[in-house]
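Since the structure is predicted, the reported quantities are computational estimates derived from the model, not experimental observations. Naming convention: chains lettered A, B, ... in sequence-line order (proteins, then strands); numbering from 1 in each chain.
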Amino acid sequence: MIDLIFPDGSKRQFEDGVSGRDVAASIAKSLEKRALLIKLDGALYDLDRALPGGGAFEILTRESPEALDTIRHDASHVMAQAVQELFPGTQVTIGPAIEDGFYYDFARETPFSLDDLAKIEHRMKEIVDRDEKIVREVWDRKEAIAHFKSIGEDYKAEIITDLPGDEVITVYRQGEWKDLCLGPHLPSTKHVGKAFKLTKLAGAYWRGDHRNAQLQRIYGTAWASEADLEAYLHRLEEAEKRDHRKIGRAMNLFHMQEEGKGMVFWHDKGLTLWRIVESYVRRRLDAAGYIEVRTPQVLDRVFWEKSGHWEKYRPNMFVCETEEGEELSLKPMNCPGHVQIFNFGQRSYRDLPMRMAEFGACHRYEPSGALHGLMRVRAFTQDDAHIFCREDQIEEETARFIELASSIHSDFGLQRDHIALATRPDVRAGSDEFWDKAESQMLAAARKAGVEPVIYEGDGAFYAPKLDFILKDAIGRMWTCGTIQLDYVLPERLDATYIGEDGAKHRPVMLHRAICGSLERFIGVLIENYAGSFPLWLAPTQVVVATITSDAAEFAQQAAAELRAAGLRVEVDLRNEKINYKIREHSLAKAPVIAVVGRREAEEGKVALRRLGSDGQTILSLAEAVKALASEALPPDLARTAIMSGSASVGAVAEES
RNA sequence: GCCGGCUUAGCUCAGCUGGUAGAGCAGCGGUUUUGUAAACCGAAGGUCACGGGUUCGAUUCCUGUAGCCGGCACCA
């Protein structure tokens, strides 16, 4: 007998060998019909499988969020069956559920076309209608290998061969079709439902290794209901509207062109945004005790050989040659340059920690397929800094950095989801003792800052572990912005030293750190986070003064002049156009505030302020408007200083908002 | 770099099976002085990404190249 504890806390006994379906049926016939899966002590089981024992028992239906992954996984199986029915000779490999859907990787000589997707989708619906029972079978390992080899499924045979020896080999059968799979699965293909859609076609390497064969991957999305599918597709459309490339064009921020692949032409508006971000970060670094430097763009090959980058990254460096036969490279990173400044003259322990920052323009020859708008470019500017310190200062410096970065991210309106601790990769420099120490130092530092990092196994740089900041934007997408990495290697290679209290030479440790990452990418993230509707302090154009009639032109000019004098970025629109037209145009260009002046306002010395996204208006005297907007437009760090110094105008704005 | 797709006016897009292209918006020239998301009229604007081939004839079919888009791999 086994004891099952139900979600309501009640307990019942059942015969050994009872299945989830039997239990469901014993409760209600209708429940049996709706049951898809069983959850027993946290693990999922097929509905028809004999329960391996007692425990916390739950019946999952279509409505259970936990059943969704299985629906998706089954959708991938149904897709694989459809593909093999339509395209005999195609081999199946693996097909998991993923976020929002599923994929399956197929091995096939001729690639699939977009037309094939429609056919496959159609056949999938037929298979769902067939309502094939899905049955779990346990196979003998050797027989399984022999079987899959005999039907030409070499990849499946390879998967079984590589499974640990004690692993139970299970095959799931749906009608004529079967697949090696750990399960669990739904009771029959009907339960996959029809709220799915094949979305994209892609190449993917066998086992994720580019030296292996390339397989054909088909992606799909699947949901418990038609409504969920619709909602998902709608979400995709919304996300597309925020695309920084689209908004960048609409707001005239930047462009790129063929002759400069992965290089950005920043237009005036875009550069304004850049300067706002840069000067804000610079103020924060100044306040946090950093010094700022600038190092050469191009350095001799010998330099990069010394730093070790030439050997490892030569294919990704922009190399040039001079008339005199020197070989030079554009800097792909700032670190070795910073070490040169550290090494210039003698350093004392009193100089440490030395926090050396640079808005460093770097060039890397990224693979063409990696380029993506502002998010991945070949010429970028890092908000880079290196903290040279003693080993016993690592924890303190890392913790301080976490606090600084967190504050800056939140000022930019980005919410932190978590911090990742990326640990030793397979290919790495240094002993296991070194990695043990380095990883525990980073962990301790994070905890000191009050953060429990999520461990990303094997994701560290080859020379050290790192902490990465994973931020969440306004629509819930994750972005990695900001990192801190421990480095014992570079100071050694470039022979950085300081004189300790004991009068002897010591080796400093370097902490590589960035808060934005690259300014290009960070601006891309900001654009998508705000969908171009920036808060006042970030908006390239903060106020547009728009006239209704030419009678108001003179006052509009005066208003603009006073707003500018208060530090605001202002445009004036005196064109002979209807106010409706002007409002529409500037709203589409995402101007946060439109100050409308007509004859009435001009006579009374007032402006009518209209906020982006709302259709109301606030009528203020010009002086009040200047004061209110100027304090609202203060970057968050300056606003905090203003509050501390008790500025009345800031208080007024706080009330208003 | 690899797999698939796309590339037509400044932008967004039409153009069935081959007969050298069309709209809206923007821009330009006029008219309109306007009250909170598109006033009206007019003229203009294209080596249909680039190269080669098939054809009497190619934006359309084939092929090569580039860029971009979606993935994969990469990301010091």
A.B. asks: Across the strands shown, which category fits A/Arg610 at heavy-atom distances under 4.0 angstrom: base, sugar-phosphate, nothing?
C.D. replies: base
A.B. asks: Checking contacts here: which listed nucleotide (B/C74, B/C72, B/U36) is nearest the side-chain heavy atoms of A/Ala204?
C.D. replies: B/C72
A.B. asks: Give me the distance, rounded to whole Å, that separates B/C40 from B/G27 when you measure between the P atoms they each carry.
C.D. replies: 15 Å
A.B. asks: How about A/Ser329 and A/Val298: do any of their side-chain heavy atoms sit closer than 4.5 Å?
C.D. replies: no
A.B. asks: How close or far is atom C1' of B/C3 from atom CZ of A/Phe106, stated in whole angstroms?
C.D. replies: 15 Å
A.B. asks: Rounded to whole angstroms, how far apart are CZ on A/Arg575 and P on B/U33?
C.D. replies: 18 Å
A.B. asks: Mind checking the C1' distance from B/A9 to B/U47? Whole angstroms is fine.
C.D. replies: 13 Å
A.B. asks: Both A/Tyr463 and A/Pro367 contact RNA chain B. Taking the nearest nucleotide for each, which residue is further toward the 5' end?
C.D. replies: A/Pro367
A.B. asks: On a whole-Å scale, what distance lies between the C1' atoms belonging to B/A14 and B/U8?
C.D. replies: 10 Å
A.B. asks: Less than 4.5 Å apart, side chain to side chain, heavy atoms only: is that true for A/Tyr313 and A/Pro332?
C.D. replies: no
A.B. asks: Which part of the nucleic acid, if any, lies within contact of A/Tyr103, taking any heavy atom under 4.0 Å across all strands shown: a base, the sugar-phosphate backbone alone, or nothing?
C.D. replies: nothing
A.B. asks: Considering only side-chain heavy atoms of A/Glu258, which listed nucleotide, B/A37, B/C75, B/G67, is closest?
C.D. replies: B/G67
A.B. asks: Just checking A/Lys578: base, sugar-phosphate only, or nothing, at a heavy-atom cut-off of under 4.0 Å?
C.D. replies: base
A.B. asks: Whole angstroms only, please: what is the CD1-P distance between A/Ile548 and B/U33?
C.D. replies: 15 Å
A.B. asks: A/Tyr219 near the nucleic acid: base, sugar-phosphate alone, or nothing, with a heavy-atom cut-off under 4.0 Å?
C.D. replies: sugar-phosphate
A.B. asks: Taking B/U54 as the reference, what is the distance to B/A58 when you measure between their C1' atoms (whole Å, please)?
C.D. replies: 10 Å
A.B. asks: Where the side chain of A/Pro111 is defined as all heavy atoms beyond and including C-beta, which of B/G4, B/A39, B/A76 is the nearest nucleotide?
C.D. replies: B/G4
A.B. asks: Please give, in whole Å, the distance from B/G10 C1' to A/His267 NE2?
C.D. replies: 12 Å
A.B. asks: Which of parallel (below 30°), tilted (30 to 60°) and perpendicular (above 60°) describes A/Trp223 and A/Tyr232?
C.D. replies: tilted
A.B. asks: Does the structure place the NZ or CZ of A/Arg507 under 6.0 Å from the centre of the six-membered ring of A/Tyr488, at an angle of no more than 45° from the ring's axis?
C.D. replies: no
A.B. asks: OP1 or OP2 of B/G70 versus the side-chain N and O atoms of A/His372: is any pair under 4.0 Å?
C.D. replies: yes
A.B. asks: Does A/Arg207 make a cation-pi contact with A/Tyr205 (under 6.0 Å, within 45 degrees of the axis)?
C.D. replies: no
A.B. asks: Could one point to a donor on the side chain of A/Arg376 or the base of B/C75 with an acceptor on the other under 3.5 Å away?
C.D. replies: yes
A.B. asks: Rounding to a whole Å, what distance do you find between A/Trp310:CH2 and B/A76:P?
C.D. replies: 19 Å
A.B. asks: Considering only the P atoms, how many Å lie between B/C11 and B/C69, rounded to the nearest integer?
C.D. replies: 15 Å
A.B. asks: Counting just side-chain N and O atoms, does A/Arg245 come under 4.0 Å of either OP1 or OP2 of B/C69?
C.D. replies: yes
A.B. asks: Would you please confirm or rule out a distance under 4.0 Å between OP1 or OP2 of B/G67 and any side-chain N or O of A/Lys261?
C.D. replies: yes
A.B. asks: Hey, does A/Ile579 reach any base, or is it just sugar-phosphate, or nothing, if we go heavy atoms under 4.0 Å?
C.D. replies: sugar-phosphate
A.B. asks: With a non-hydrogen cut-off below 4.0 angstrom, is A/Gly208 in contact with a base, only sugar-phosphate, or nothing?
C.D. replies: sugar-phosphate
A.B. asks: Go through the steps for A/Phe254 and A/His267 under the test ring-ring contact (aromatic ring centres under 6.0 Å, His included), then give the verdict.
C.D. replies: CA-CA 5 Å; A/Phe254 65 92; A/His267 299 188; 7.7 Å; no
A.B. asks: For A/Tyr313 and B/A76, are the ring centres under 5.5 Å apart with planes inclined under 30°?
C.D. replies: yes
A.B. asks: CD of A/Glu366 versus P of B/C74: gap in Å, rounded?
C.D. replies: 13 Å
A.B. asks: For B/G52 versus B/G45, give the span between their P atoms, rounded off to a whole number of Å.
C.D. replies: 27 Å
A.B. asks: Base, sugar-phosphate, or nothing: which does A/Leu588 touch, judged by heavy atoms less than 4.0 Å apart?
C.D. replies: base
A.B. asks: So what does A/Glu577 touch, heavy atoms closer than 4.0 Å: a base, only the sugar-phosphate, or nothing?
C.D. replies: base
A.B. asks: Give me the distance, rounded to whole Å, that separates B/A44 from B/G1 when you measure between the P atoms they each carry.
C.D. replies: 44 Å
A.B. asks: Among B/C3, B/A37, B/A76, which nucleotide sits nearest the side chain of A/Met333?
C.D. replies: B/A76
A.B. asks: Where do A/Gln84 and A/Thr90 come nearest, in terms of heavy atoms and distance?
C.D. replies: NE2-O, 2.7 Å
A.B. asks: So what does A/Ala202 touch, heavy atoms closer than 4.0 Å: a base, only the sugar-phosphate, or nothing?
C.D. replies: base
A.B. asks: Given B/A37, B/A73, B/A76, identify the nucleotide with an atom nearest to the side chain of A/His210.
C.D. replies: B/A73
A.B. asks: For residues A/Arg364 and A/Met333, determine if any side-chain heavy atom of one lies less than 4.5 Å from a side-chain heavy atom of the other.
C.D. replies: yes
A.B. asks: Expressed in angstrom and rounded to an integer, what is the separation of A/Glu240 atom CD from B/C6 atom P?
C.D. replies: 17 Å
A.B. asks: Please pick, from B/C68, B/G70, B/A38, the nucleotide with the shortest atom-to-atom distance to any side-chain atom of A/Tyr581.
C.D. replies: B/A38
A.B. asks: Mark yes or no for whether A/His234, through its side chain, and A/Leu229, through its backbone, hold a donor-acceptor pair below 3.5 Å.
C.D. replies: no
A.B. asks: Reading RNA chain B from 5' onward, which residue's closest nucleotide shows up sooner: A/Arg217 or A/Lys466?
C.D. replies: A/Arg217
A.B. asks: Cation over ring, A/Arg314 on A/Trp310, under 6.0 Å and within 45°?
C.D. replies: yes
A.B. asks: So if I take every side-chain heavy atom of A/Ala608 and compare against B/A37, B/U36, B/A73, which nucleotide ends up nearest?
C.D. replies: B/U36
A.B. asks: What is the distance from CZ of A/Arg249 to P of B/A26, rounded to the nearest Å?
C.D. replies: 18 Å
A.B. asks: Between B/C61 and B/U55, how far apart are the C1' atoms? Round to whole Å, please.
C.D. replies: 10 Å
A.B. asks: For A/Phe303, does the six-membered ring have the charged nitrogen or CZ of A/Lys331 within the cation-pi criterion, i.e. under 6.0 angstrom from the centroid and within 45° of the normal?
C.D. replies: no
A.B. asks: Using a strict 4.0 Å threshold on nitrogen-to-oxygen distance, state whether A/Glu457 and A/Arg424 make a salt bridge.
C.D. replies: no
A.B. asks: Using a 4.0 Å heavy-atom cut-off, does A/Asp209 contact any base of the nucleic acid, only the sugar-phosphate backbone, or nothing at all?
C.D. replies: nothing
A.B. asks: Please list, in numerical order, the residues of residues 595-602 of chain A that have a heavy atom closer than 4.0 Å to any atom of RNA chain B.
C.D. replies: A/Val596, A/Gly598, A/Arg599, A/Arg600, A/Glu601
A.B. asks: Give me the ring orientation class for A/His512 and A/His386: parallel if the planes are under 30° apart, tilted from 30 to 60°, perpendicular past 60°.
C.D. replies: perpendicular
A.B. asks: At under 4.0 Å, does any side-chain N or O of A/Tyr205 touch on OP1 or OP2 of B/C74?
C.D. replies: no
A.B. asks: Is any side-chain N or O of A/Ser368 closer than 4.0 Å to OP1 or OP2 of B/G1?
C.D. replies: yes
A.B. asks: Let me have RNA chain B in dot-bracket notation, would you? Count Watson-Crick plus G-U wobble pairs, both distances under 3.5 Å, and use [ ] for pairs crossing earlier ones and | for inter-strand partners.
C.D. replies: (((((((..((((.....[..))))..((((.......))))......(((((..]....))))))))))))....
A.B. asks: Short question: side chain of A/Asp573, backbone of A/Val544 - any donor-acceptor pair under 3.5 Å?
C.D. replies: no
